[in-house]
Amino acid sequence: MGYLTLELTERQAVQERDAALRIQATFRGHKTRHKIHIDRQAATTIQRYVRGKIARNFTKERTRLEKNKHLIDEAARRRAQRVLMREKEKAQLKGLGALQLKQWEIHREDTAATAVQSAWRR
């Protein structure tokens, strides 16, 4: 084996090693890109399920609120009536004397106690 033959063999070995490295690098790149693709698909699937769950809960809550809207409106109307009634009572109390004011307070306490007892017995 001569010097030339040895040099060709070494050159061929270097070329084979370089080719093997290119093949390995290409395969590793393919494997990595495939893993990234699979991970993205998994993330998209999770996002799809979570977004669907959120949308269903939102729709369910909105439907519940729409069904109970009349109750909410009724409660607001009653509250407004109570506020108005208290304002009228305050205006009437300004003209009362001390004895009448004490009688009114006793009546108010009795009415409140009756309401509490009535609610407790239900």
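In what follows, residues are counted from 1 in the order of the sequence shown. Remember, it's a predicted structure, so these values are computed and weren't measured experimentally.
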Results of side-chain hydrogen bond (donor to acceptor under 3.5 Å, both in side chains) for H30 - residues two or more places apart only: none
Linked, directly or transitively: I54 and I46 (ILVMFWY side chains, under 4.5 Å): yes
Any residue meeting side-chain contact (heavy atoms from CB on, under 4.5 Å) with E105, in chain and number order, not counting sequence neighbours: L101, K102
side-chain hydrogen bond (donor to acceptor under 3.5 Å, both in side chains) partners of E66, counting only residues at least two apart: none
Residues R33, H37; criterion side-chain contact (heavy atoms from CB on, under 4.5 Å); working and verdict: CA-CA 6 Å; R33 284 188 297 278; H37 176 71; over 6 Å; no
side-chain contact (heavy atoms from CB on, under 4.5 Å) partners for Q103, two or more places apart: L99
Distance (rounded to the nearest 0.5 Å) between D73 CG and N68 CG: 11.0 Å
For K31, salt bridge (charged side-chain N to carboxylate O under 4.0 Å, His left out) partners two or more places apart: none
R77, CZ atom: more than 12 neighbouring heavy atoms under 6.0 Å: yes
Cut-off 3.5 Å, no hydrogens considered: what does the side-chain donor-acceptor table look like for residues 15-26, sequence neighbours left out?
residue : atom : partner : partner atom : Å
T26     : OG1  : R22     : O            : 2.7

Qualifying residues under side-chain contact (heavy atoms from CB on, under 4.5 Å), relative to R40, sequence neighbours excluded: I36
Partners meeting salt bridge (charged side-chain N to carboxylate O under 4.0 Å, His left out) with R78 (sequence neighbours left out): E74
Set of side-chain contact (heavy atoms from CB on, under 4.5 Å) partners for L65, sequence neighbours left out: E61, I72
Qualifying side chain to side chain donor-acceptor pair (under 3.5 Å) pairs, either residue in residues 46-60, two or more places apart: none
Salt bridge (charged side-chain N to carboxylate O under 4.0 Å, His left out) against K35, all qualifying residues, sequence neighbours excluded: D39
Sequence-distant partners of D110, salt bridge (charged side-chain N to carboxylate O under 4.0 Å, His left out), two or more places apart: none
